[in-house]
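Notes follow the structure.
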Number of protein chains: 2
Amino acid sequence: MTITIKELALKCGVSTATVSRAMNDDPSVKKATKDKVLSFAKKLNYNPNLLARSFVTKKSNIIGLVMPDIFGEFFMEIIHGVDEVCYINKYYTMVSSSHGKRSTAEAIVDFMSKGIVGGIILMTPAINDEIRKILRLNELPTVVISGKRDFDRCDSISIDNYNGAYSLIDYLINSKKIKKIAHISGPLENNDAVQRQRGYLNALEDNGIKVNKNWIIEGDFTTFGGQAASTKLLKMQDRPEVIFAANDMMAIGCYVTARELNLKIPTDFGVVGFDDIFVSQFLNPRLTTTHIPSYDLGKEAATTLIKRMNKPEKNKFEHIIVPTELIIGGSVK
Amino acid sequence: MTITIKELALKCGVSTATVSRAMNDDPSVKKATKDKVLSFAKKLNYNPNLLARSFVTKKSNIIGLVMPDIFGEFFMEIIHGVDEVCYINKYYTMVSSSHGKRSTAEAIVDFMSKGIVGGIILMTPAINDEIRKILRLNELPTVVISGKRDFDRCDSISIDNYNGAYSLIDYLINSKKIKKIAHISGPLENNDAVQRQRGYLNALEDNGIKVNKNWIIEGDFTTFGGQAASTKLLKMQDRPEVIFAANDMMAIGCYVTARELNLKIPTDFGVVGFDDIFVSQFLNPRLTTTHIPSYDLGKEAATTLIKRMNKPEKNKFEHIIVPTELIIGGSVK
DNA sequence: TCTTTACATGAAAACGATTACATTAAAATA
DNA sequence: TATTTTAATGTAATCGTTTTCATGTAAAGA
């Protein structure tokens, strides 16, 4: 079905070099020749073998997307954004995750050593020493999507978790006149979780509200974790007015608890989340939360990476911080 | 960082041919030699360049996953399943979608002609003539994930939409003693939608219930579509007892309508869905629906494809039909 | 001991593209 | 017209691996 450059060259009556140049729009090829080659290529359905091309140029237009897990809407939207940009730029997206069996570090090394991908987008909740070491002696362009800017030897895109959480809490205190705000955090080895908690703490402090340590529970970003933590919080004699869950999944857990304890949101207690996942708008009442533009995050990462792949400078890295947006629902009285 | 086969051969004092054979576990290599090569390979961090290998063997261990859209939980779980199987078998997953700008057919052709992927998993709501034509003169192993078994020139995995819907309706009629069942279908160019509707119709018929055509509305698989359709249904003077939404997203739309019309589920009317997406369990009340094992679907597809890639016979294709499971929630009185 | 067979390894071609360098033809200059 | 410059194309090497075929060596059989 597909022919090779040699066959095409034969048909055109030119050398393979000329065909190659014509296909790559080399200015040294005469217009007439180029036209002839291109028309023959179309007619004979010639497509340069990408493998052969990558092999000889030592450049791959495949982007490796390394994720901690292939699950949930957030990662899906990232993939979507990456795919979109890849398509426009004629790049390809290869996905890979840490499978329980293999660490993120191993996934990166695999991509790097096999010569398949020309660049890596790394999503990780935190950059540990192992990853840091790998990235340091890494020759492949890499963009890190992370909760915190804690590695500056490559480009990075991060979510403004801190300000997102800060604004949310500030809104509760100043617009809603709420003082008793509890927090179910994410796992604290996760940078996003840490930054969100920091925003929460500083917003309280800046508004002169004393932090109640009992009202801070470390969760796990799952619905069940949110359910467990909120049950604990709501059974305290000194019950908080609003629970700030560090992500929407845990906020959903709070809704489940409300149903089980026969409490009404927002009258009996309020809930706010973080992420603004798709279903949050369909919760009853609609969840007040912080929107993360994950699709844009993916697009931004891919754009930055492709730029870097075409111009691999070893210094001056970009560090983009993507702002979040406060979404006001009906989950707070 | 990475060395080539030549350098490794030199270090080992053998030819590149021997190294290649040792790396590929060729039985003709003496154990001592193999051990030596392998230990040097490990020490020197040698990894065969996959691009070069694929190039020469004309076999790629990259699987191209073509999807109509990169959105939602269903596709995410498929990707997850595929990725899992790929990892175990040392294959790689490349994703691609039709971008509004490009059709599914174009995405397939792109994968096929560029020589990157060694096999394709094609997810499509329906196989049209264009796709059929492409698949027919396709030399690349392909597995189709589809709602209906309507192309038998390649392996296929399909969901048992018909029986899933049939069982669900049968359950409503016989266990719940409900007779007035409306249906919001998916778009009818989608095979899944058609099969589910067929299950609904036949279940009614087999139970001697006359179909009320006013109670069948074509939806679009979105929450908003479900909301619109259910509003129409619930404002009829002859109102159905239960609405069967062809997917959970539209069922969620029914929940939104209930809130807006101030009706209670399941007392005022009931809702059942299809898919069993993650959030369905957290709806209030939990949605009665039909579970689709999407993760398994992805695994099954990848397994079948890899089998076919290793043994590309031109006949005897596998056609796997994956059963669904009835999930009983509290959304029906 | 000599021949045959089996085993282990090496030499070299091949895959399909790109690209440095060489070459030819045409245009510009003297 | 003779020479230089420029433009367009061709020749051939190259990338890293696999694999066919050839070769050498050791074991087996006579």
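Taking a cutoff of 4.0 Å between a charged side-chain nitrogen and a carboxylate oxygen, A:D26 and A:K34 do not qualify as a salt bridge. In this structure, A:D129 does not pair ionically with A:K133, as no charged nitrogen and carboxylate oxygen lie closer than 4.0 Å.
Proximity of residues 7-15 of chain B to DNA chain C (heavy atom under 4.0 angstrom from any strand atom) is restricted to B:G13, B:V14, B:S15. Near DNA chain D, meaning a heavy atom under 4.0 Å away, the residues from residues 30-40 of chain A are A:K30, A:T33. The stretch residues 48-55 of chain B comes close to DNA chain D through B:P48, B:N49, B:A52, B:R53, B:F55, each having a heavy atom under 4.0 Å from the strand.
Between A:I121 and A:T93 the shortest side-chain heavy-atom distance does not fall below 4.5 Å. B:I131 has its side chain within reach of B:N128: a pair of non-hydrogen atoms, C-beta onward, lies under 4.5 Å apart. For the pair A:F221 and A:P187, the minimum side-chain heavy-atom distance is below 4.5 Å. In this structure, A:H99 and B:D83 have side chains that are in contact, with non-hydrogen atoms separated by less than 4.5 Å.
Protein atom NZ of A:K6 is 13 Å distant from nucleotide atom C1' of D:dA13, rounded to whole Å. A straight line from CG of B:D26 to C1' of C:dT9 spans 11 Å, rounded to a whole angstrom. The distance between atom CD1 of B:I5 and atom P of C:dA12, rounded to the nearest whole Å, is 17 Å.
Annotation: ring-ring contact (aromatic ring centres under 6.0 Å, His included) contacts of B:F111 (sequence neighbours excluded): none. A search for side chain to side chain contact (heavy atoms under 4.5 Å, CB included) contacts involving B:N310 returns B:Y91, B:I306, not counting sequence neighbours. Residues meeting the side chain to side chain donor-acceptor pair (under 3.5 Å) test with A:K43, sequence neighbours left out: none.
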Intermediate values then yes/no, side-chain hydrogen bond (donor to acceptor under 3.5 Å, both in side chains), A:D155 and A:T304: CA-CA 8 Å; A:D155 299 305; A:T304 307; over 6 Å; no
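As judged by a 4.0 angstrom heavy-atom cut-off over every strand, A:N47 is placed among residues touching the sugar-phosphate backbone only. Here B:S28 lies in heavy-atom contact (under 4.0 Å) with a base. Backbone-only engagement by A:V29 is indicated by non-hydrogen atom pairs under 4.0 Å involving sugar-phosphate atoms exclusively.
Within the structure, every pair that satisfies the salt bridge (Lys or Arg N to Asp or Glu O under 4.0 Å) test and touches residues 106-125 of chain B, not counting sequence neighbours, is listed here: B:R102-B:D110, B:D110-B:K114. Pairs passing the salt bridge (Lys or Arg N to Asp or Glu O under 4.0 Å) check and including a residue from residues 5-17 of chain A, sequence neighbours excluded, do not occur.
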What string of B, S and - do you get for nucleotides 23-28 of chain D, 5' to 3', if B is base contact, S is sugar-phosphate-only contact and - is no contact with any protein heavy atom under 4.0 Å? ------
If a protein heavy atom is under 4.0 Å from the base, mark B; if only from the sugar-phosphate, S; if neither, -; do that for nucleotides 19-24 of chain C going 5' to 3'. BB----
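Shown here for B:E189 and B:A126, the closest heavy-atom pair between the two residues is O-CB, 3.4 Å. B:S98 and B:T104 get closest at one heavy-atom pair: OG-OG1, 3.3 Å. Taking all atoms of both residues into account, the shortest heavy-atom contact from B:D192 to B:N190 is N-OD1, 2.8 Å.
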For residues 60-81 of chain A, which side-chain N or O atoms pair as donor and acceptor with protein atoms under 3.5 Å away, sequence neighbours left out?
{"from": "A:S60", "atom 1": "OG", "to": "A:I62", "atom 2": "N", "distance (Å)": "3.0"}
{"from": "A:S60", "atom 1": "OG", "to": "A:I116", "atom 2": "O", "distance (Å)": "2.5"}
{"from": "A:N61", "atom 1": "ND2", "to": "A:K90", "atom 2": "O", "distance (Å)": "2.9"}
{"from": "A:E73", "atom 1": "OE1", "to": "A:F278", "atom 2": "N", "distance (Å)": "3.1"}
{"from": "A:E73", "atom 1": "OE2", "to": "A:F278", "atom 2": "N", "distance (Å)": "2.5"}
{"from": "A:E77", "atom 1": "OE1", "to": "A:S294", "atom 2": "OG", "distance (Å)": "3.2"}
{"from": "A:H80", "atom 1": "ND1", "to": "B:I70", "atom 2": "O", "distance (Å)": "3.2"}

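In the helix from C:dT1-D:dA30 to C:dA30-D:dT1, the terminal helix axes, each the rotation mapping four pairs' C1' atoms onto the next four within five end pairs, subtend 50°, rounded to 10°.
Checking side-chain atoms of B:S54 against main-chain N and O of B:L51 turns up no donor-acceptor pair under 3.5 Å.
A close approach under 4.0 Å does not occur between any side-chain nitrogen or oxygen of A:K59 and OP1 or OP2 of C:dT18.
Other residues, nucleotides and ligands contribute at most 12 non-hydrogen atoms within 6.0 Å of the CZ atom of B:R153.
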